[in-house]
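Some notes on the structure that comes next.
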Amino acid sequence: MKYPFQEIETKWQKFWEEKKVYKTDLTDKENNLYCLVMFIYPSGAKLHCGHWYNYGPTDSWARLKKLQGYNVFEPMGYDAFGLPAENYAIKTGVHPKESTMKNIADIREMLKRMGTMYDWDAELMTCAPEYYKWNQYLFLQLYKRGLAYRKNAPVNWCSSCQTVLAREQVLGDGNCERCGTTVEQKNLTQWFFKITQYADELLDGLNKIDWPEKTKLMQTNWIGRSYGTEVEFKIEGHDDKLTVFTTRPDTLFGVTYVVLAPEKELVQKITKSEFKIDVDKYIEQTKLLTEVDRTSTVKEKTGVPTGAYAINPVNGERVPIWVADYVLATYGTGYVMAVPAHDERDFLFAKKFELPIRKVILQEGTDVKADLTEAFTEVGTMINSGKYDGINSDDGIEKITEDLAAQGLGRKTKNYRLRDWLISRQRYWGTPIPIIHCEHCREVPVPEEQLPVLLPYEANFKSDGGSPLAGNTNFVNTTCPKCGAPAKRDADTMDTFVDSSWYYLRFLNPNFSEGMFDTKLGNAWTPVDMYVGGAEHATMHLLYARFIHKVLRDIGLVNSDEPFKKLIHQGTITNNGAKMSKSKGNIVNPDDFIVNVGADVFRMYLMFMGPYELGGDWSDKGIVGVDRFVQRVYSMFEANAGIAKQAVLKDKFEIAELAEIEKNIYRKINATLAKVSVEIDHFRFNTAVAALMELINELKGLDECSTELKSYTLERFASMIAPLAPHLGEECWQMIGKENSLFEQPVWFEVDQLALTKENALVVVQINGKMRAKVEVPYNLPEAEVKVAVFEDEKVKLYTDGKQLVKEIYVPNKIYNIVVK
RNA sequence: GCCGAAGUGGCGGAAUUGGUAGACGCGCUGGACUCAAAAUCCAGUGAGGCUCAAACCUCGUGCCGGUUCGAGUCCGGCCUUCGGUACCA
């Protein structure tokens with residue numbers, strides 16, 4: 001009979017749900033294991049292939065662990081705030097709350113149809129007041145500690161999304177991560193979280209977590225710590241000083257000019273009146289450029305002189321001060337000493353504006369007098385540097401820094417590329433920022449007992465700049481908690497990455513009302529043992545969550561340093577090489593496959609396609625292979641229905657007592673058992689499935705086995721297939737006569753190590769590195785005897801007779817290599 | 001430009017520490033079953049050479065070189081594709 005997947009999948013889903021098989025007892029900390037997949041963004045009503053590819057295999061991993069006896073917690077929830085719902089509302093008039101709730105209801109059903117083992121009692125959604133109340137609480141804790149603050153700064157503005165964006169949400173091409181519109185620069189007063197305060201710890205903590213190296217590297221680069229020196233330059237005719245940051249103080253004698261970022265106020269102060277018109281014009285021009293245009297390496301250098309001069313502290317030299325947009329106000333001090341001879345950018349700038357280029361580091365093997373054709377940026381010998389001449393530039397960095405420090409003209413320092421996290425958004429569908437603006441008391445935090453600040457249902461989404469909430473007078477108008485005078489609520493909402501920065505803690509008890517989360521459970525269950533999600537979050541969610549976890553630790557709410565102990569990224573499934581997306585209309589709909597072959601087959605096929613972390617291009621070509629395999633499994637169990645009841649169950653066989661065909665099967669089932677656990681454990685699902693396919697090929701001879709061995713084999717087969725195809729696994733287990741559900745009373749079998757040892761070894765004989773013969777010898781036969789066997793082989797004789805033996809190499813039980821002349 | 005990952009049959013992909021390249025699956029070819037087809041089952045399937053056939057030989061893991069008894073795997077130099085980043089002083 002054809003495998004009736006429809007009926008069987010429904011049957012087990014119902015069973016699991018009714019019996020609450022996947023409800024985790026979180027008070028049981030014995031052998032506990034937290035397996036988490038990044039929660040779902042309910043921007044549509046459907047699960048697409050990417051969701052299945054992400055969730056199915058992760059669930060299979062969790063199921064393996066459950067069968068192996070771990071107390072596994074695998075929750076699922078909804079990252080329910082965010083722009084898509086609001087944009088949808090603008091387009092259709094359907095309120096974000098309505099569309100989101102509808103999507104969630106649909107998605108929940110689909111997730112259940114996948115056959116996942118989520119603990120539905122732990123379900124959460126970030127748009128619920130019970131959840132976002134604690135976002136607000138978190139905000140206030142950060143505010144109290146000076147980690148949440150407001151400042152006016154140049155920020156990224158997306159005119160289509162009508163909101164500011166964090167730097168992480170702007171793509172490399174300068175477009176909005178969400179909608180693809182070119183992002184503009186605007187000066188706005190915005191809320192920031194002071195992630196930079198944790199920069200060192202975020203960097204150093206990377207050594208302690210088991211994450212993909214490339215992800216850690218991305219975070220390392222993103223944080224971008226560099227060690228250097230701050231050097232003070234006097235400004236001619238001013239009391240003000242100018243401090244530059246440099247990683248190359250050894251090149252100080254090569255400074256021929258100094259550059260200020262156009263945004264810096266100092267520019268106005270020092271610019272000589274006859275230069276003022278040009279400088280102001282230049283600053284205006286700079287404002288028109290997007291950050292990407294401005295920071296593009298291919299752009300030709302621009303700049304204007306200010307007419308002012310700075311004094312080089314090491315040699316008292318007078319150097320012109322310029323303004324140029326290649327210097328960024330947001331990095332270092334916003335002032336740069338320019339050393340054209342030893343910095344590529346300065347070199348190009350100096351060439352263009354005919355500023356002097358003075359060589360102070362000599363490249364080994366070059367002439368002192370030779371002109372440079374490009375900047376020499378490496379280590380060399382210091383020249384033209386007064387008392388430092390002749391020393392290695394690396395040592396010069398230390399020496400000059402020390403000398404400057406001694407004179408109070410400089411100091412060792414570090415700098416980061418990381419900037420503070422901009423968290424306010426001028427949008428409706430998010431967590432209201434719990435701040436009240438009072439004319440007298442300025443910004444006043446909402447008292448904790450007044451939380452949550454509820455997001456009102458009414459709002460004008462079709463806003464044209466400014467927050468939609470600003471127009472809702474019922475919401476905005478309030479009284480100051482401090483002085484009682486009429487005041488206004490902050491109308492911005494929080495970046496949804498705030499929601500996802502701590503949700504893994506809330507899952508442990510989404511109904512907890514005494515705090516953000518239950519600290520006792522948090523300490524027992526986090527860090528999360530296994531976290532699975534897309535690599536695109538490397539410098540966003542995955543960095544924010546680490547930051548917030550550390551803050552929570554410092555507040556005393558958790559006792560660990562890191563949120564996610566082990567991290568795995570699923571690959572991306574593309575369609576004809578392109579990322580699947582609604583806008584491109586190239587989404588593959590899983591529904592048809594679920595209807596035609598069932599959830600188990602579809603899940604297993606996604607796993608079988610290739611390595612989990614690589615993803616790949618979508619093709620349904622091979623799905624029949626997995627379907628055939630499932631059919632064969634089903635018929636094999638059908639043919640042996642009730643077998644486990646007909647025999648005394650053994651957990652070990654004496655190999656010597658088995659018939660030849662039984663021996664092979666006994667060996668294979670044990671070898672597969674060993675293989676499957678290791679492969680699934682490492683997220684190598686493709687090879688795990690392949691191993692089971694190999695096994696079923698071997699089981700063609702099953703009919704010739706004793707009833708005992710048949711039961712032994714099928715028990716193990718059912719248990720092994722269960723993580724990968726859970727419905728099928730349960731059904732097979734029941735078919736052979738088991739009374740209990742596999743996942744209700746987990747079973748995973750021990751490997752009989754004796755079955756893995758071989759009687760004979762096939763030794764490959766190579767002559768001069770070429771494979772020439774194979775010799776079967778007893779396993780672990782002494783080398784001398786192997787040699788005899790090898791040289792008895794006709795082909796070996798053919799290739800060695802009459803030749804001089806130079807060397808022989810024997811790799812036990814594997815290779816016998818003979819070198820002849 | 002810089003950083004990272006990957007290039008293996010017609011296709012998706014296997015291959016502990018260097019040790020029989022191509023597991024497993026798709027597709028294809030032939031056969032069985034069938035009136036026929038589908039489904040299923042069995043056999044074959046990297047390329048080329050030689051042969052009635054088998055045996056056998058040569059070449060083969062992006063390209064060029066190297067180390068080694070032996071390289072898909074290690075080293076050096078390239079090429080291509082995909083991610084990340086982009087004047088960070």
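All values below were derived from every heavy atom in this structure, side-chain atoms included, with hydrogens, water molecules and symmetry-related copies excluded. First the proteins, then the strands, lettered A, B, ... as listed; each starts at 1.
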(request) Indicate whether OP1 or OP2 belonging to B/U40 is found under 4.0 Å from a side-chain N or O atom of A/R632. (result) no
(message) Does A/N697 reach a base, just sugar-phosphate, or nothing at all? Heavy atoms under 4.0 Å.
(response) sugar-phosphate
(message) Please determine whether a side-chain nitrogen or oxygen atom of A/R772 lies at a distance below 4.0 Å from atom OP1 or OP2 of B/C57.
(response) yes
(request) Determine the interatomic distance between P on B/G62 and the same-named atom on B/U8; round to the nearest Å. (result) 6 Å
(request) For the pair A/F717 and A/F629, name the ring-plane relationship: parallel under 30°, tilted 30 to 60°, perpendicular over 60°. (result) tilted
(request) Ignoring backbone atoms, test whether A/K301 places a side-chain nitrogen or oxygen under 4.0 Å from the OP1 or OP2 oxygen of B/A89. (result) no
(request) Sticking with atom C1', work out how far B/G22 lies from B/U61, rounded to a whole angstrom. (result) 9 Å
(message) Has A/R632 got a side-chain atom pairing as donor or acceptor with A/M693's backbone, closer than 3.5 angstrom?
(response) no
(message) If I pick the P atom on B/U68 and the same atom on B/C52, what distance separates them, to the nearest angstrom?
(response) 44 Å
(request) Provide the full list of salt bridge (Lys or Arg N to Asp or Glu O under 4.0 Å) pairs with a residue in residues 331-344 of chain A, sequence neighbours left out, each pair given once. (result) A/D343-A/R345
(request) Report the distance from atom CG of A/D627 to atom OH of A/Y605, rounding to the nearest 0.5 Å. (result) 12.5 Å
(message) Taking any heavy-atom pair under 4.0 Å as a contact, classify A/K770: base, sugar-phosphate, or nothing.
(response) sugar-phosphate
(message) For the backbone of A/Y3 and the side chain of A/Q631, can you confirm whether one donor and one acceptor N or O come within less than 3.5 Å of each other?
(response) yes
(message) Rounding to an integer number of angstrom, what distance separates B/A14 and B/G84 when you compare their C1' atoms?
(response) 29 Å
(request) For A/T247 and for A/E694, locate the closest nucleotide of RNA chain B by heavy-atom distance; then report the residue assigned to the nucleotide nearer the 5' terminus. (result) A/E694
(request) Please state how far atom CZ in A/F602 lies from atom P in B/G25, giving the value in whole angstrom units. (result) 21 Å
(message) Ring centroids only, cut at 6.0 angstrom: are A/F349 and A/W322 within range, meaning strictly under it?
(response) yes
(message) Has A/D617 got a side-chain atom pairing as donor or acceptor with A/N576's backbone, closer than 3.5 angstrom?
(response) yes
(request) Measure across A/G533 and A/Q570 and return the closest heavy-atom pair with its distance rounded to 0.1 Å. (result) C-OE1, 2.9 Å
(request) Using a 4.0 Å heavy-atom cut-off across all strands, classify A/V806 as base, sugar-phosphate, or nothing. (result) nothing
(message) Using every non-hydrogen atom in the two residues, find where A/M382 and A/I361 come nearest and quote the distance to one decimal.
(response) CG-CD1, 3.9 Å
(request) Indicate whether any N or O donor in one side chain lies under 3.5 Å from an N or O acceptor in the other, for A/D420 and A/T196. (result) yes
(request) Indicate yes or no for a side-chain donor-acceptor contact from A/K795 to the backbone of A/R772 under 3.5 Å, with no hydrogens or angles considered. (result) yes
(request) Tell me whether the OP1 or OP2 atom of B/C41 has a side-chain N or O from A/K700 closer than 4.0 Å. (result) no
(request) Ignoring backbone atoms, establish whether A/R417 has a side-chain N or O less than 4.0 Å from OP1 or OP2 of B/A86. (result) yes
(request) With the side chain of A/Y799 defined as its heavy atoms from C-beta on, choose the nearest nucleotide among B/C56, B/G19, B/A89. (result) B/C56
(message) It should be established whether A/R628 places a side-chain nitrogen or oxygen under 4.0 Å from OP1 or OP2 of nucleotide B/C26.
(response) yes
(request) For A/N670 and A/V751, indicate whether the former's side chain and the latter's backbone hold a donor-acceptor pair under 3.5 Å. (result) no
(message) What's the closest nucleotide to the side chain of A/I809 if the choices are B/A89, B/C69, B/C24?
(response) B/C69
Tabulate atom names and distances for all N/O pairs under 3.5 angstrom spanning the protein and nucleotides 11-16 of chain B.
unit_1	atom_1	unit_2	atom_2	d
B/G12	O2'	A/M609	O	2.6
B/A14	OP1	A/N686	ND2	3.0

(message) For the C1' atoms, the ones on B/C79 and on B/C64, what distance do you get once it is rounded to whole angstrom?
(response) 10 Å
(message) Please give the distance between the C1' atoms of B/G9 and B/G72 as a whole number of Å.
(response) 14 Å
(message) Just to be sure I understand the rule, does A/S226 reach a base, reach only the sugar-phosphate, or reach nothing, if contact means heavy atoms closer than 4.0 Å?
(response) sugar-phosphate
(request) State which residue, out of A/N312, A/L252, A/V314, fulfils the side chain to side chain contact (heavy atoms under 4.5 Å, CB included) condition with A/V231. (result) A/L252
(message) Below the 4.0 Å mark, does B/C88 have OP1 or OP2 next to a side-chain nitrogen or oxygen of A/N221?
(response) no
(request) Select one nucleotide: of B/A89, B/U85, B/C56, the one nearest the side-chain heavy atoms of A/K795. (result) B/C56
(message) Taking the nucleotide of RNA chain B with the nearest heavy atom to each, does A/V624 or A/T246 sit closer to the 5' end?
(response) A/V624
(request) Between B/G77 and B/G27, how far apart are the C1' atoms? Round to whole Å, please. (result) 39 Å
(message) I need the CZ-P distance between A/R225 and B/A89, as an integer number of Å.
(response) 13 Å
(request) Measure from CH2 on A/W618 to C1' on B/C26 and round the result to the nearest Å. (result) 13 Å
(message) Of the listed nucleotides (B/C24, B/G19, B/A89), which one gets closest to any side-chain atom of A/N817?
(response) B/G19
(request) Grab the OH-C1' distance between A/Y634 and B/U40 for me, whole Å please. (result) 17 Å
(request) Could you tell me the separation between the CG atom of A/L260 and the C1' atom of B/A89, rounded to a whole number of Å? (result) 13 Å
(message) Distance check needed: B/A89 P versus A/R345 CZ, whole Å only.
(response) 7 Å
(message) Rounding to an integer number of angstrom, what distance separates B/A43 and B/C33 when you compare their C1' atoms?
(response) 15 Å
(request) Check the distance between B/A6's C1' and A/H569's NE2 and give it to me in whole angstrom. (result) 16 Å
(request) Check every strand shown and say whether A/L762 touches a base, only sugar-phosphate, or nothing at a heavy-atom separation below 4.0 Å. (result) base
(request) Can you tell me the distance, in whole Å, between the CE atom of A/M607 and the C1' atom of B/C24? (result) 15 Å
(request) Assign A/Q766 to base, sugar-phosphate, or nothing according to its heavy-atom contacts below 4.0 angstrom with the strands shown. (result) base
(message) Just to be sure I understand the rule, does A/V811 reach a base, reach only the sugar-phosphate, or reach nothing, if contact means heavy atoms closer than 4.0 Å?
(response) base
(request) Among the candidates B/U20, B/C24, B/U85, find the nucleotide nearest to the side-chain atoms of A/V764. (result) B/U20
(request) Any chance you could encode RNA chain B as dot-bracket? Rule is Watson-Crick or G-U wobble with both distances under 3.5 Å; [ ] for pairs crossing earlier ones, | for another strand. (result) (((((((..(((......[....)))((((((.......))))))((((......))))..(((((..]....))))))))))))....
(request) Name the orientation of the base relative to the sugar in B/G66: syn if the glycosidic angle is within 90° of 0, else anti. (result) anti
